[in-house]
Amino acid sequence: MIEVDPDLSGPLELRVAEFHLRPLDSSDARDMLTHLGDSRVVEFMDLDPLSDIEDAHQIIDWAAGQRALGAGVRWAIRDSSGSFVGTCGFNQLIVERGRRSEVAYDLGHAWWGRGVMSKILPELVDFALRRLELHRIEAMVTPGNLRSCRLLERHGFSLEGELRGYSFWKGRYWNQLVYARVASDEPPR
Ligand SMILES: CC(C)(COP(=O)(O)OP(=O)(O)OC[C@H]1O[C@@H](n2cnc3c(N)ncnc32)[C@H](O)[C@@H]1OP(=O)(O)O)[C@@H](O)C(=O)NCCC(=O)NCCS
């Protein structure tokens with residue numbers, strides 16, 4: 001079992017520009033249901049649109065469990081008025097025989113194309129490289145998710161390849177594009 005990283009057990013609240021990031025908890029369930037109930041948001045994700053508050057609680061409980069294990073963290077993103085913007089975080093955190101994790105993010109549809117993740121992603125990279133002292137940050141992207149690909153490429157992630165038949169959800173197998181940035185990469189201009 002992965003040793004709990006002390007950096008994941010604290011309050012872990014982040015402020016990024018006008019956004020406030022706080023680890024998901026049960027008070028986010030109603031907003032998560034609306035957010036992940038939107039078929040546009042989950043189109044390229046491993047989820048059917050949520051229709052039940054229990055599904056939202058399950059995701060929040062899963063995220064809390066990952067954090068307790070030191071295996072990841074998922075933040076709720078809210079703007080300065082407290083409106084729910086989306087979520088972001090790290091999954092599959094490995095700290096033995098390598099230091100790496102997968103970055104993940106999903107914004108509400110109303111927030112797309114406004115540069116929100118372009119503000120937040122550099123802070124997530126900084127958190128991963130400096131605070132968690134990771135060496136490698138990965139991102140798995142479903143082919144066709146061009147917004148996500150563009151975002152990663154603009155922020156110094158390189159496409160390393162396409163994993164065929166890597167994941168199974170929504171009743172079929174999916175390829176996944178692997179993007180990564182390692183600590184020794186030149187920061188993007
Ligand atoms: C993936 C996702 C986060 C990308 O969101 P996004 O809003 O396109 O990403 P950015 O924050 O980088 O926004 C950049 C776009 O906003 C525009 N923009 C507007 N104002 C901006 C500003 N102040 N600063 C930067 N960009 C700005 C840019 O023109 C840019 O458009 P372009 O990529 O066509 O050049 C979003 O589409 C999403 O949440 N999708 C659903 C969930 C999902 O698929 N998650 C990823 C799983 S791998």
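For ligands, and for the atoms within them, numbers begin at 1 and follow the listed sequence.
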message: Give the atom numbers and elements of ligand 1 that come within less than 4.0 Å of a heavy atom of Ser148.
response: 1 (C), 46 (C), 48 (S)
- line: The atoms of ligand 1 lying under 4.0 Å from a heavy atom of Met140, numbered in the order shown, are 48 (S)
- prompt: Polar-atom distance check: Leu151 versus ligand 1, any N or O pair below 3.5 Å?
  reply: no
statement: Output for pair (Glu138 CD, Gln92 CD), nearest 0.5 Å, gives 8.5 Å
- prompt: Any side-chain heavy atom of Ile137 sitting closer than 4.5 Å to one from Arg100?
  reply: no
field: For atom 26 (N) of ligand 1, the option (of Gly144, Ala139, Cys149, Gly115) bearing the nearest heavy atom
entry: Gly115
- line: For Met117, the ligand 1 atoms with a heavy-atom partner under 4.0 Å come out as 3 (C), 11 (O)
- prompt: Which of the numbered atoms in ligand 1 are below 4.0 angstrom from a heavy atom of Val41?
  reply: 41 (C), 42 (C)
- prompt: Quick one: which ligand 1 atoms are inside 4.0 Å of a heavy atom on Asp106?
  reply: 39 (O), 42 (C)
- line: So for Asn145 against ligand 1, with non-hydrogen atoms under 4.0 Å, the contacting part is side chain
- request: May I ask whether atom 2 (C) of ligand 1 is less than 4.0 Å from at least one protein heavy atom?
  value: no
query: Would Ser148 and Tyr179 count as having a side-chain donor-acceptor pair, cut-off 3.5 Å?
result: no
- prompt: Quick one: does ligand 1 sit under 4.0 Å from the side chain of Arg154, the backbone, both or neither, non-hydrogen atoms only?
  reply: side chain
message: Rounded at 0.5 Å granularity, tell me how far CZ in Arg136 sits from CG in Asp185.
response: 9.5 Å
message: Determine whether any protein heavy atom is located less than 4.0 Å from atom 6 (P) of ligand 1.
response: yes
message: Please report whether ligand 1 has a polar contact with Leu107, defined as an N or O pair separated by less than 3.5 Å (distance criterion only).
response: yes
message: Regarding ligand 1, does Tyr105 bring an N or O atom to under 3.5 Å of one of the ligand's N or O atoms?
response: yes
